Number of protein chains: 2
Amino acid sequence: MSEGVEWALHTCANLACADPGEAVPAKRLAAAFALPTAYLNKQLQALARAGILTSTSGPRGGFRLARAPGAISLLDVVVAIEGAEEAFRCASILRASPWGREGVDYRATCAVSQAMRRAELAWRRELAGQTIADIAATVENRHPGTAERVGGWLTEARG
Amino acid sequence: MSEGVEWALHTCANLACADPGEAVPAKRLAAAFALPTAYLNKQLQALARAGILTSTSGPRGGFRLARAPGAISLLDVVVAIEGAEEAFRCASILRASPWGREGVDYRATCAVSQAMRRAELAWRRELAGQTIADIAATVENRHPGTAERVGGWLTEARG
DNA sequence: GCTAATGTACTCGGATATCGAATGTCCGAGTCCTTCTGG
DNA sequence: CCAGAAGGACTCGGACATTCGATATCCGAGTACATTAGC
């Protein structure tokens with residue numbers, strides 16, 4: 001799995017702590033984890049295209065969450081970065097077998113494909129059940145005051 | 001996910017239909033799905049290293065299942081090909097943050113890492129619950145006689 | 001003093017290199033069968 | 001006719017190219033603010 005997924009999840013969690021009225025530049029978001037700014041920017045663009053973030057150009061511009069943290073599931077973020085197609089993609093190799101038929105959609109009927117799809121659905125269901133708000137709540141519960149501190153750090157040192 | 005996983009799963013399912021006393025060469029296994037022989041051989045070697053298959057050199061040599069199909073889970077096959085490390089690997093980027101501590105194992109405590117790990121465990125649990133025998137049984141149930149036919153095809157045209 | 005236009009700095013956005021891993025291919029090591037020769 | 005040895009063919013096993021996507025970087029487009037000139 002792409003490393004950008006981890007960056008995106010942590011960055012979204014950070015943005016959940018920031019003031020919704022203030023946009024945070026990619027430069028600042030990258031500095032939070034000592035990440036390369038330009039590449040993180042690329043991931044943020046993907047999140048923006050997916051409708052998870054909104055972007056603003058110019059001075060006092062940057063990124064902010066497009067909707068409430070509780071309405072952003074981990075699956076949303078993963079799909080935005082990794083793409084919608086499932087990890088195991090059936091190539092229908094059964095069709096090339098001597099006992100394979102032509103007019104059959106092996107992607108749907110092949111037993112192997114079905115088993116893998118079932119596993120992947122379990123994975124997606126687990127991810128869809130967790131939101132950015134849940135992550136933030138867990139952290140806040142373990143280390144009270146973190147959200148306040150992070151939110152302040154993200155918007156400090158602003159012209 | 002690597003395409004070799006699909007090849008490995010289908011090939012194991014085929015071997016489950018073959019006579020356990022007869023080894024099937026990689027060439028024949030590849031011909032079953034019109035796959036490149038040399039590359040499939042590479043995957044079969046990985047399965048042999050993982051203890052899923054046993055290999056025999058020389059004439060009348062080839063591969064066969066190392067244990068009963070019911071004792072080979074889909075997870076075993078996937079791990080043999082893809083490797084044991086999980087798809088989402090926490091890089092502990094929290095350590096680089098201004099509020100990060102040095103002596104903390106973020107791979108275990110980070111909320112993001114935990115959430116992703118939980119999803120991946122669900123995926124693995126689903127894969128571990130299905131065996132090659134289950135796949136073979138499903139196919140045989142839908143298309144009776146397939147196992148017999150496949151098994152015969154694999155060992156026919158043998159000196 | 002107020003307004004409007006202009007310049008400037010800051011930010012996103014996409015186009016452009018670089019690197020590693022998956023993909024694909026090849027030849028050598030080992031083994032078993034067959035065959036031939038000698039008794 | 002039988003036994004043993006040598007040859008050959010078949011198969012796995014790992015070493016060697018190639019292609020594709022993830023990684024990393026840079027420069028241009030657009031915007032808001034500050035400044036300045038004019039009324």
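Since this is a predicted model, take the numbers as computed values, not measurements. All heavy atoms count here, side chains included; hydrogens, waters and symmetry mates do not. Labels below follow one simple rule: chain letters A, B, ... track the order of the sequence lines, proteins then strands, and each chain is numbered from 1.
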Gap between atoms [atom1] and [atom2], on [X] and [N] respectively (whole Å):
{"X": "B:Leu44", "N": "D:dG14", "atom1": "CG", "atom2": "P", "result": "13 Å"}
{"X": "A:Leu40", "N": "C:dC12", "atom1": "CG", "atom2": "C1'", "result": "13 Å"}
{"X": "B:Leu29", "N": "D:dC12", "atom1": "CG", "atom2": "C1'", "result": "13 Å"}
{"X": "A:Arg60", "N": "D:dC33", "atom1": "CZ", "atom2": "C1'", "result": "10 Å"}
{"X": "B:Arg28", "N": "D:dC10", "atom1": "CZ", "atom2": "P", "result": "15 Å"}
{"X": "B:Lys27", "N": "D:dG13", "atom1": "NZ", "atom2": "P", "result": "18 Å"}

Any side-chain N or O of [X] less than 4.0 Å from the OP1 or OP2 oxygen of [N]?
{"X": "A:Arg49", "N": "C:dG14", "value": "yes"}
{"X": "A:Thr56", "N": "C:dC12", "value": "no"}
{"X": "B:Gln45", "N": "D:dG14", "value": "yes"}

Inset, instruction - Apply side-chain hydrogen bond (donor to acceptor under 3.5 Å, both in side chains) to A:Arg67 and list each qualifying residue two or more places apart in sequence or on a separate chain. - result: A:Asp76
Inset, instruction - Please identify each residue that fulfils side-chain hydrogen bond (donor to acceptor under 3.5 Å, both in side chains) with A:Glu148, with sequence neighbours left out. - result: none
Legend entry - Candidate nucleotides C:dC10, C:dC12, C:dT31, ranked by approach to the side chain of B:Ser57 - the nearest: C:dT31
Legend entry - Candidate nucleotides D:dG13, C:dC12, C:dC10, ranked by approach to the side chain of A:Phe63 - the nearest: C:dC12
Inset, instruction - Return each pair, listed once, that meets ring-ring contact (aromatic ring centres under 6.0 Å, His included) where at least one residue sits in residues 67-115 of chain A; pairs must be two or more places apart or across chains. - result: A:Trp99-B:Trp153
Legend entry - Qualifying ring-ring contact (aromatic ring centres under 6.0 Å, His included) pairs, either residue in residues 33-76 of chain A, two or more places apart: A:Trp7-A:Tyr39, A:His10-A:Phe33
Inset, instruction - Classify the nucleic acid contact of B:Ala48 as base, sugar-phosphate or nothing, counting any heavy atom under 4.0 Å across all strands shown. - result: nothing
Inset, instruction - Would you kindly compare A:Asn41 and B:Asn41 by the position of their nearest DNA chain D nucleotide and give the one closer to the 5′ end? - result: B:Asn41
Legend entry - B:Glu86 bridged to B:Arg117 by N-O distance under 4.0 Å: yes
Output a table of nitrogen or oxygen pairs between the protein and nucleotides 22-24 of chain C separated by less than 3.5 Å.
from	atom 1	to	atom 2	distance (Å)
C:dT23	OP1	B:Glu3	N	3.2
C:dT23	OP2	B:Ser2	OG	2.5
C:dT23	OP2	B:Tyr39	OH	3.3

Legend entry - salt bridge (charged side-chain N to carboxylate O under 4.0 Å, His left out): pairs with one or both residues in residues 92-114 of chain A, sequence neighbours excluded: none
Legend entry - Pair A:Asn14, A:Thr11: side-chain N/O donor-acceptor within cut-off below 3.5 Å: no
